[in-house]
Number of protein chains: 2
Amino acid sequence: DERVIAGVTCDKNQALVAVLGMPDEPGSAAKVFTRLSTKGISVDMIIQSMGKEPHTNDIAFTVNTWDLQNAQGLMDRLLGDLGARSVEIDDKIAKISIVGVGMIDRPGIASGMFEALAEAQINIKMISTSEIKISVLVEKSNADKAVQAIHAKFFVAEQSLVDSKS
Amino acid sequence: DERVIAGVTCDKNQALVAVLGMPDEPGSAAKVFTRLSTKGISVDMIIQSMGKEPHTNDIAFTVNTWDLQNAQGLMDRLLGDLGARSVEIDDKIAKISIVGVGMIDRPGIASGMFEALAEAQINIKMISTSEIKISVLVEKSNADKAVQAIHAKFFVAEQSLVDSKS
Ligand SMILES: C[C@@H](O)[C@H](N)C(=O)O
Ligand SMILES: C[C@@H](O)[C@H](N)C(=O)O
């Protein structure tokens, strides 16, 4: 498994914005991201899971920390037009990612990352994946510990392999 | 914008499993994916957004349709050990993705995809992104219409450019 991971990355410049309780119907997501795009606000992660209550859903996204106030203000002003309930933000997050080709098909990779975080007593706030990348949001104060724990899980084993061969 | 998208893909072989109401504490995610990994079940998307109630959260993931019954059974048996509330599945989904390098930094790309779906009256069930890919889950019956709508939004403009030059 170790050889599948190319590396562990950490981005502490992200802040989270979540628009809660919007109508779960065609057009809601478009309104949110058209508003951000016309103001030139770049978005990094976009995460929408299953709606908890019928007919409503939440959309969370991350922006650069310097865009947070602007993005929050835009979403606050959009609430009425969107018919959403509220906007929440979290500026104490860091995005930790593992990158590697063909990773997601190997079931042990995701569990390895999550086990490393569990063993280090680090809570996972959000998760998003693609074929070559698994990203989690954690408390920013846990970022460095998270990187070390994941690195130790995937690379130290390989290192000791190297050591024992030399 | 058009040139940033390399293509639109559609995967109708995915099914959704969601584990609802699990304790939002270190270790929960590891239990879910360790269980799947020991049974060799490959997972494609993993999506966890913000928890709706305090101290609990949901994790949704997609598996190949032929693994759905197996994955559901595993999660049902895990509910007690995990302290989670319930397992939900959805086998009428399709994953629609747009792929392109450096996409997510261009705010207009995500909004373009969501606008195309809104104009085609297609509801977005879930969203997950990475730097080079934006994926949404839609009703499987909407999959082909979704691909056409997105393709028309990003490529037809380019096509008519080509036509007017010839
Ligand atoms: C919640 C939001 O994604 C909505 N379902 C839409 O299609 O825009
Ligand atoms: C919900 C789940 O992700 C939990 N927060 C964990 O760290 O495992």
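Residue numbers start from 1 in every chain, and the chains themselves are labelled A, B, ... in the order their sequence lines are given, proteins ahead of strands.
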### Toward chain A, the part of B/D24 with a non-hydrogen atom under 4.5 Å
both
### Residues which pass side-chain contact (heavy atoms from CB on, under 4.5 Å) with B/E119, listed by chain and number, not counting sequence neighbours
B/E115, B/K153
### Shortest non-hydrogen separation from B/I47 to B/M45 and the atoms involved
CD1-CE, 3.8 Å
### Under 3.5 Å donor-acceptor, A/S111 side chain and B/S37 backbone
no
### Proximity breakdown for A/I122 and chain B, heavy-atom pairs closer than 4.5 Å
backbone
#### Entry: Close approach to chain A in residues 8-23 of chain B, criterion heavy atom under 4.5 Å
B/L16, B/A18
### Message
Report, in residue-number order, which members of residues 48-58 of chain A are under 4.5 Å from chain B by heavy-atom distance.
### Response
A/Q48, A/S49, A/M50, A/K52, A/N57, A/D58
### Query
Picking from A/S135, A/S130, A/S128, what satisfies side chain to side chain donor-acceptor pair (under 3.5 Å) with B/S128?
A/S128
#### Entry: Main-chain N/O of A/K133 paired to A/S97 side chain as donor or acceptor, under 3.5 Å
no
### Task
Check step by step if side chain to side chain contact (heavy atoms under 4.5 Å, CB included) holds for A/L137 and A/T62.
CA-CA 10 Å; A/L137 292 184; A/T62 61; 4.1 Å; yes
### Message
Any salt bridge linking B/K95 with A/E131? Criterion: basic side-chain nitrogen under 4.0 Å from a carboxylate oxygen.
### Response
yes
#### Entry: Closest contact, heavy atoms only, B/T129 versus A/D44
OG1-O, 3.5 Å
### Task
For the residue pair B/D90 and B/I93, establish whether any side-chain heavy-atom pair is separated by less than 4.5 Å.
yes
### Query
Does any heavy atom of chain A fall under 4.5 Å from the side chain of B/I59, the backbone, both, or neither of them?
side chain
### Task
May I ask you to say whether B/K140 pairs ionically with B/D91, meaning some side-chain N is under 4.0 Å from a carboxylate O?
no
### Message
If the contact rule is any heavy atom under 4.5 Å from chain B, which residues of residues 71-87 of chain A qualify, in numerical order?
### Response
none
### Message
Tell me the closest heavy-atom pair linking B/V136 and B/F114, and the distance in Å.
### Response
CG1-CE2, 3.8 Å
### Message
Between A/F33 and A/I46, is there a side-chain heavy-atom distance shorter than 4.5 Å?
### Response
yes
### Message
For B/F155 and B/I150: C-alpha separation, side-chain torsions, deciding distance, then whether side chain to side chain contact (heavy atoms under 4.5 Å, CB included) applies.
### Response
CA-CA 8 Å; B/F155 292 101; B/I150 295 167; over 6 Å; no
### Query
Are the side chains of A/I109 and A/I5 in touch, meaning some heavy atoms are under 4.5 Å apart?
yes
